[in-house]
Amino acid sequence: QKEVEQDPGPLSVPEGAIVSLNCTYSNSAFQYFMWYRQYSRKGPELLMYTYSSGNKEDGRFTAQVDKSSKYISLFIRDSQPSDSATYLCAMSYDSWGKLQFGAGTQVVVTP
Amino acid sequence: GAVVSQHPSRVICKSGTSVKIECRSLDFQATTMFWYRQFPKQSLMLMATSNEGSKATYEQGVEKDKFLINHASLTLSTLTVTSAHPEDSSFYICSAGGTSGGAHNEQFFGPGTRLTVL
């Protein structure tokens, strides 16, 4: 069993809809949680960085962490075709730790 | 801020040759740099972690004599793939962490280098 599970998709949504992404994990020691966006043939771009449980909002993006369920989510409101990319979740045990990545979910936003 | 560059962006080489990939943090000093490889439609696999001025720490299964990492300064790390073979063809991505005032796990990624070994 992988430490971090993420549905690879693809997830197709119409423009303007809410995109809902999630990851589950098995190790309760994870404390830091991130979401990255990766366009094809490019490096990942950090979108959200959160510590422990709770919500964090940044523009159209909202990240949620539920440590009791070992479940994290990313929501994208008012989705645009430019949001079409692969979204990777990542997590680490401490601020010095290496990241464990999910497989990434491919998102397609259709005009 | 937090811009990381990689060079070259794409390289094609013959089997048996060595290839060097550079990773630079352009607007900050990175105490830690990471090297990943990514196969098509798969996630990033960490190869090694390097800290400036010390030897790199390699992940299990990664040959340190084949993938030479040098972290000569706080803004530059290099990965050399020695005696490359077709199975080494992949997308290699570096990241930098430990930006000024930031956590080491807040990593910023370069654009990646696509290596094709013929």
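Computed from heavy atoms alone, side chains included, the values below leave out hydrogens, waters and symmetry copies. Each chain gets a letter, A, B and so on, in the order the sequences are listed, and its residues count up from 1.
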Problem - Euclidean distance, A:Phe101 CZ relative to B:Gln42 CD, rounded to 0.5 Å - result: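 One finds 14.5 Å between CD of B:Gln42 and CZ of A:Phe101.
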
Exercise for the section: Examine whether an atom of A:Gln100 lies under 4.5 Å from a heavy atom of chain B, and if so say whether it belongs to the side chain, the backbone or both; otherwise answer neither. Expected result: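 Neither part.
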
[X], [atom1]: over 12 other non-hydrogen atoms inside 6.0 angstrom:
X: A:Ile18; atom1: CD1; answer: no
X: A:Lys42; atom1: NZ; answer: no
X: B:Lys20; atom1: NZ; answer: no
X: A:Arg60; atom1: CZ; answer: yes

Exercise for the section: Would you name the heavy atoms of A:Ala103 and B:Ser43 that are closest together and state the gap between them? Expected result: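 Heavy atoms only, the tightest pair is CA-CB, 3.6 Å.
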
Same apolar cluster (I L V M F W Y, side chains within < 4.5 Å links), [X]/[Y]:
X: A:Phe61; Y: A:Phe33; answer: yes
X: B:Phe28; Y: B:Leu76; answer: no
X: B:Met47; Y: B:Tyr58; answer: yes
X: B:Leu79; Y: B:Val62; answer: yes
X: A:Met34; Y: B:Val4; answer: yes

Exercise for the section: Report yes if the side chains of A:Leu88 and B:Leu44 come closer than 4.5 Å at any heavy-atom pair, otherwise no. Expected result: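 Yes - at least one pair of side-chain heavy atoms lies under 4.5 Å apart.
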
Exercise for the section: Taking the side chain as every heavy atom from C-beta outward, state whether B:Gln107 and A:Leu99 have any pair of such atoms under 4.5 Å apart. Expected result: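 B:Gln107 vs A:Leu99: side chains touch.
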
Practice task
Identify the residues of residues 85-95 of chain B whose heavy atoms come closer than 4.5 Å to a heavy atom of chain A, ordered by number, or report 'none'.
Solution key: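 Residues B:Phe91, B:Ile93 are the ones that qualify, each having a heavy atom under 4.5 Å from chain A.
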
Exercise for the section: For chain A, find its close neighbours in residues 110-118 of chain B: heavy-atom separation under 4.5 Å, sorted by number, or none. Expected result: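 Against chain A, the residues of residues 110-118 of chain B that fall inside the cut-off (heavy atoms, under 4.5 Å) are B:Gly110, B:Pro111, B:Arg114.
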
Handout entry: Passing candidate, ring-ring contact (aromatic ring centres under 6.0 Å, His included) with A:Tyr36, options B:Tyr36, B:Phe109, B:Phe108
Key =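 Between A:Tyr36 and the candidates, ring-ring contact (aromatic ring centres under 6.0 Å, His included) is satisfied uniquely by B:Phe109.
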
Exercise for the section: Let me know if B:Glu59 has heavy atoms under 4.5 Å from chain A in its side chain, its backbone, both or neither. Expected result: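 Just its side chain gets close to chain A.
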
Problem - Selection from A:Gly43, A:Gly104, A:Pro44 maximising heavy-atom pairs under 4.5 Å formed with chain B - result: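 With the most close heavy-atom pairs to chain B, the winner is A:Pro44.
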
